Each structure stands twice: as structure tokens, then as C-alpha cells.
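This report refers to the structure that appears directly beneath it.
Just the heavy atoms: all of them, side chains too, but no hydrogens, waters or symmetry mates, feed the values below. The model shown is predicted, which means the values in this text are computed figures rather than measured ones.
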Amino acid sequence: MSADLEQLMGELEQLDIDGLRLIWKERYGAPPTLRSEPIMRMLLSWRIQAEALGGLDDKSRKALARSGPVEAEGKHLGIGATLRRNWRGREVVVAVEEDGFRWGDRLFPSLSAAATAIAGSRWNGPRFFGLRSS
């Protein structure tokens, strides 16, 4: 890594989310709508380094292409599986369907989206339903 690139990576470590978004905007246009400063820093750092050093090689690109689309966590339970939890004195039930996760009459693309709707605040769906301990 060149000294200039190392210096730029060091500067990114010092920026807050607004500073990171400004750098992204100057280089690549509209920044992602991320609220996580560490993730934004990693994305921006990767993109700048990929631009300077060449990014992924052909072998890595092909390996990623073979891996297929990312499946929402919880879909592995199988179509028709149900997840239950008592939330604030009521039982909530979410069913796994072909196109997502159904809670009542609403269909969500991810378990986290369903958990967030149930709780009224942002939740990790697998953690909300006890599929993950951390």
C-alpha cells in the first residue's frame, strides 16, 4: 500500500459519519443511507483501496458469483415454519413463506423487518425470536 493510501486510510479513521458521507459524495456521488459509522468506514475504505489496488481478482469474483443470492436468515427453517414469542404480554406468531415472513396480514422481506414492526423499534429478527444468542 502506498504512503498516500495509508495516510488516507488513517484520515478515514478520524472522521465521523458525516465526514465519511462527505468523502463518499465527493468521490462516488450519493452516499449509502447507512447509519453505522464503522460499516460506512469499512465500505468507503474498501472502495478506495479497490480503486487504487484493483479490487477483487477474477477467481474471487467467480467464487462470489457461484455463491448465489443471499437468503434471509430464518428461511432455512422451511416454508410453513412458525416462530413464536411473547412480546409485552401477547403472543406473536410469524410464519415463514416463500416470499418472506408473515405476521398477521403483512408480509416482510426479512425476519428483522417483521421483528421491527412487532416491537416498534429496530430489532435483529433472529435475535428477537431466539434463533441467535448474540
Side-chain angles (χ1 to χ4, degrees):
M1 187 179 327
S2 73
D4 290 343
L5 190 55
E6 278 189 47
Q7 181 179 346
L8 181 54
M9 295 301 107
E11 290 171 9
L12 292 180
E13 289 297 321
Q14 307 303 315
L15 295 175
D16 62 9
I17 190 74
D18 292 330
L20 294 167
R21 285 185 176 135
L22 181 63
I23 298 293
W24 186 291
K25 187 175 181 181
E26 290 171 357
R27 288 177 166 263
Y28 309 112
T33 57
L34 295 169
R35 292 187 294 176
S36 169
E37 188 176 302
I39 292 174
M40 182 70 178
R41 182 174 293 110
M42 285 189 286
L43 283 174
L44 183 56
S45 296
W46 185 87
R47 194 154 178 189
I48 290 170
Q49 290 177 73
E51 193 175 76
L53 304 172
L56 298 176
D57 59 24
D58 286 342
K59 183 179 175 184
S60 299
R61 286 180 198 274
K62 287 177 184 173
L64 287 171
R66 282 193 306 268
S67 66
V70 176
E71 183 176 78
E73 196 170 357
K75 293 282 276 203
H76 70 284
L77 297 171
I79 306 303
T82 57
L83 299 159
R84 297 173 189 276
R85 176 182 174 164
N86 285 319
W87 178 251
R88 296 192 174 169
R90 65 185 167 113
E91 183 181 55
V92 292
V93 179
V94 171
V96 180
E97 295 188 0
E98 179 72 29
D99 297 326
F101 299 88
R102 181 167 300 282
W103 174 53
D105 61 349
R106 297 173 62 190
L107 186 66
F108 298 91
S110 70
L111 197 52
S112 293
T116 297
I118 292 165
S121 61
R122 187 170 228 157
W123 267 90
N124 175 291
R127 188 180 309 162
F128 184 83
F129 285 101
L131 299 177
R132 191 190 301 169
S133 59
S134 59

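- The distance from the OG1 atom of T82 to the CG atom of L77 is 9.5 Å, given to the nearest 0.5 Å.
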Return a table of donor-acceptor pairs under 3.5 angstrom between the side chains of residues 7-15 and protein atoms on other chains or two or more places apart.
from, atom 1, to, atom 2, distance (Å)
Q7, NE2, E11, OE2, 3.1

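- For the atom pair OG of S36 and CE of M42, the computed distance is 6.5 Å after rounding to the nearest 0.5 Å.
- At least one side-chain heavy atom of Y28 sits less than 4.5 Å from a side-chain heavy atom of L44.
- In this structure, R84 is not positioned above the aromatic face of F129 in the sense of NZ or CZ being under 6.0 Å from the six-membered ring centre and within 45° of the axis.
- Applying the side chain to side chain donor-acceptor pair (under 3.5 Å) test to every pair with at least one member in residues 106-123, sequence neighbours left out, gives no pairs at all.
- Every residue two or more places apart in sequence or in another chain that forms a side-chain hydrogen bond (donor to acceptor under 3.5 Å, both in side chains) with R27 is listed here: E51.
- Looking at every heavy atom in both residues, P126 comes nearest to L111 through N-CD2, 3.9 Å.
- What you find for W24 and P32 is that their closest heavy atoms are CE2-CD, 3.5 Å.
- Interatomic distance, K62 NZ to L56 CG, rounded to the nearest 0.5 Å: 13.0 Å.
- By the 4.5 Å heavy-atom criterion applied to side chains, L43 and L20 are not counted as neighbours.
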Got a list of side-chain donor-acceptor pairs under 3.5 Å for residues 87-100, not counting sequence neighbours?
from, atom 1, to, atom 2, distance (Å)
E97, OE1, R102, NE, 3.2
E97, OE1, R102, NH2, 3.4
E97, OE2, R102, NE, 2.8

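- W103 meets the ring pair (Phe, Tyr, Trp, His ring centres under 6.0 Å) test with no other residue; sequence neighbours excluded.
- One finds the CD atom of E26 at 14.5 Å from the CZ atom of R21 (value rounded to the nearest 0.5 Å).
- With hydrophobic clusters built from ILVMFWY side chains whose heavy atoms lie under 4.5 angstrom apart, W46 does not share a cluster with I39.
- Here D16 contributes atom CG and R41 contributes atom CZ; the two are 8.5 Å apart, rounded to the nearest 0.5 Å.
- Proximity of I17 to M40: side-chain heavy atoms (C-beta onward) are separated by under 4.5 Å at one or more points.
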Worksheet item: Given the rule in the side-chain contact (heavy atoms from CB on, under 4.5 Å) test, do L64 and R61 qualify, once you have shown the distances and angles that lead to the verdict?
Response: CA-CA 5 Å; L64 287 171; R61 286 180 198 274; 5.9 Å; no
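- Here the side chains of L83 and F128 are not in contact, with every heavy-atom distance at 4.5 Å or above.
- Among pairs with a residue in residues 49-68, none fulfils ring pair (Phe, Tyr, Trp, His ring centres under 6.0 Å), at least two apart in sequence or across chains.
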